[in-house]
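Notes for the one structure printed next.
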Amino acid sequence: MARSGTAASRPAKLAHAGQSGDLSRAQKLELYYYMRLTRSLEERLVNLYRQTKVIGGLFRSLGQEADAVGSAYALDRSKGDVLSPLIRNLGSMLVQGAKPNEIIKQYMAKGDSPTRGRELNIHYGDLVRGFIGQISHLGDMVPVMAGVTLSFRMRKQDRVGLVYVGDGATSTGAFHEGINFAAVQKCPLVVIVENNGYAYSTPLSKQTAAKQLVDKAIGYGIAGERADGNDVIASYEVTKRAVDRARAGGGVTLIELVTYRRKGHAEHDNQSYVPAGEIDRWAGENDPIDRYVKRLLSEDFDRSDLASVDARVKKEIDQATDEAEASPMPDPTDTLVGIYADPPTVAPLWFREGIKSAVEVHERPASWGTHDV
Amino acid sequence: MSEATYLEAIREALFEEMERDENVFCLGEDIGAYGGAFKVTEGLMAKYGEQRVIDTPISEAAIIGAAAGAAHMGMRPVCEMQFIDFISTGYDMLTNYVATARYRAMLPCPMVVRGPSGGYVRGGPFHSQNPEAAFLHTPGLKIV
């Protein structure tokens, strides 16, 4: 059966290329640094995954680095702006101050990772640096960020919040309830819908009958804008307008950033559902880093400027990898700490030292099938 | 010692806490101008204004989720479920997000979700439930 084309089958042709008038030379190079760091860090994680050193899944943002980096760059960290990323917003977290060694430790579930091995991947937060860790239930961060930004408004703080959802999350009840609540309360919140064409294997055409996701803004009575998510400057500028609007008391903006997910939902996903040629087209014609490099070289940057950034990125990732690999795994007895006010005094059976068989009996009974990594 | 109904005692506590701590605020459906379906929050809006006594859309997930976000930032939200039966539509936010916040992400989440439970209002099967036992199976929540 011939596959029908999806909304994502062709790279986006959006009218306005970013102008970047207000960005300095150093800032433009910084945008390149964060995009390169995102891609190279994920490539390193793939290496570790293939060595079975990653615990759990590996979620790539290949081809989406520009929208994550450009949008987060529009926040003002000196004012205490806060963002809540999605699984494909590693770039946003790096902009906000997350460190490569933290990311690798999270993916390896190390005992000195930010969540002490309790959570994986980029599911972690830091209120000081201004990012709040997501949970897996899509859409839930919209109500949470409505509350975060409600507190800004109540305390008359000059702060803005930014929350990311994907095209799939716009179908959830939490997305609807959260954005509607924030709209009514005029919270200083920017909601970015990262439209990458797929939610796991489900194409946009099976997610919504709306012609474009930005149209949903009309129903909430809020501002809506749509931009080319593979243009880092355009992503920055559209978000900056929304951030300025929010800070000035103009309430919520919904931004649809059009991009494309070139890898599967996670590293295990073979993307059998993607029409032939679609991924190659985006990789060839619309890679966000290639496009930005071309742009920088057409301005007053030369190859050596970019090469020095590349070298810095490699050095930082090498150092982070060494540190993460040398880190200890979590202390098993830490697992129950913080669950109950009065933890059980007897260690759970599977933690008892020396009884390996207990693990086999209680953790992996034959009836569960084979699920070992 | 003076006698008070449960309802009056909760209202008195809300007045005391909102007076004592400006981070305390209430949110829920019809709790402001109307004073709540059971009048627990009656008089609160008149005294503390609509900034701190928030009439929300009919959105239990947003009420609980927004309370969590505000609590992360240092506020002390008190959510009202108009009837506790309706907490089921906020179940995901409460069990997956709120209850796990401190354990999985070291995020403080000091907030209250309260509501009237039980029968005797002749409300039928959706205004008479006692769902609290279901939440006892969720570490991270304190059931009172």
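Numbers restart at 1 for each chain; the letters A, B, ... are given by sequence-line order, proteins then strands. The analysis underlying the following values was restricted to heavy atoms, covering all of them including side chains, and did not include hydrogens, waters or symmetry mates. Since we're looking at a predicted model, the values are computed, not measured.
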Quiz item: Of all of A:Arg116, A:Met145, A:Arg118, which one pairs up most often with chain B through heavy atoms under 4.5 Å apart?
Solution: A:Arg118

Exercise. With a 4.5 Å cut-off on heavy-atom pairs, point out which of A:Asn180, A:Val142, A:Ile135, A:Leu150 contacts chain B the most.
Key: A:Ile135

So, do [X] and [Y] sit near enough that their side-chain heavy atoms are less than 4.5 Å apart?
X        : Y        : result
A:Met154 : B:Phe25  : yes
B:Pro57  : A:Phe181 : yes
A:Arg155 : B:Glu22  : no

Quiz item: What distance separates B:Met73 CE from A:Ile132 CD1, expressed to the nearest 0.5 Å?
Solution: 6.0 Å

Exercise. Using non-hydrogen atoms and a 4.5 Å limit, figure out which bit of B:Met75 sits close to chain A: side chain, backbone, both or neither.
Key: both

Quiz item: Can you say whether B:Leu27 sits under 4.5 Å from chain A via the side chain, the backbone, both, or neither, judging by heavy atoms?
Solution: side chain

Quiz item: Given the rule in the side-chain contact (heavy atoms from CB on, under 4.5 Å) test, do B:Gln51 and A:Gln185 qualify, once you have shown the distances and angles that lead to the verdict?
Solution: CA-CA 10 Å; B:Gln51 292 280 317; A:Gln185 287 296 324; over 6 Å; no

Quiz prompt | Minimum heavy-atom distance A:Gly178-B:Ala62, with the two atoms named | solution = N-CB, 4.2 Å

Self-check item: Residue among B:Gly74, B:Ala68, B:Ala105 with most heavy-atom pairs under 4.5 Å to chain A
Solution: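 Highest number of pairs under 4.5 Å: B:Gly74.
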
Exercise. Could you have a look at B:Met93, B:Arg102, B:His72 and say which one has the most heavy-atom pairs with chain A under 4.5 angstrom?
Key: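 Winner by heavy-atom pair count: B:Met93.
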
Quiz item: More than 12 heavy atoms of other residues, nucleotides or ligands under 6.0 Å from CG of B:Leu7: is that the case?
Solution: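 Counting neighbours around CG of B:Leu7, more than 12 heavy atoms of other residues, nucleotides or ligands fall under 6.0 Å, so yes.
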
Self-check item: Any donor-acceptor N/O pair, B:Arg104 side chain to A:Thr115 backbone, under 3.5 Å
Solution: no

Quiz prompt | B:Ala61 backbone acceptor or donor facing A:Glu177 side chain under 3.5 Å | solution =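 Flag set: sc A:Glu177 to bb B:Ala61 pair under 3.5 Å.
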
Exercise. Let me know if A:Tyr124 has heavy atoms under 4.5 Å from chain B in its side chain, its backbone, both or neither.
Key: neither

Self-check item: Side chain, backbone, both or neither of A:Ile179 within contact of chain B (heavy atoms, under 4.5 Å)
Solution: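 It is neither, since no heavy atom gets under 4.5 Å.
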
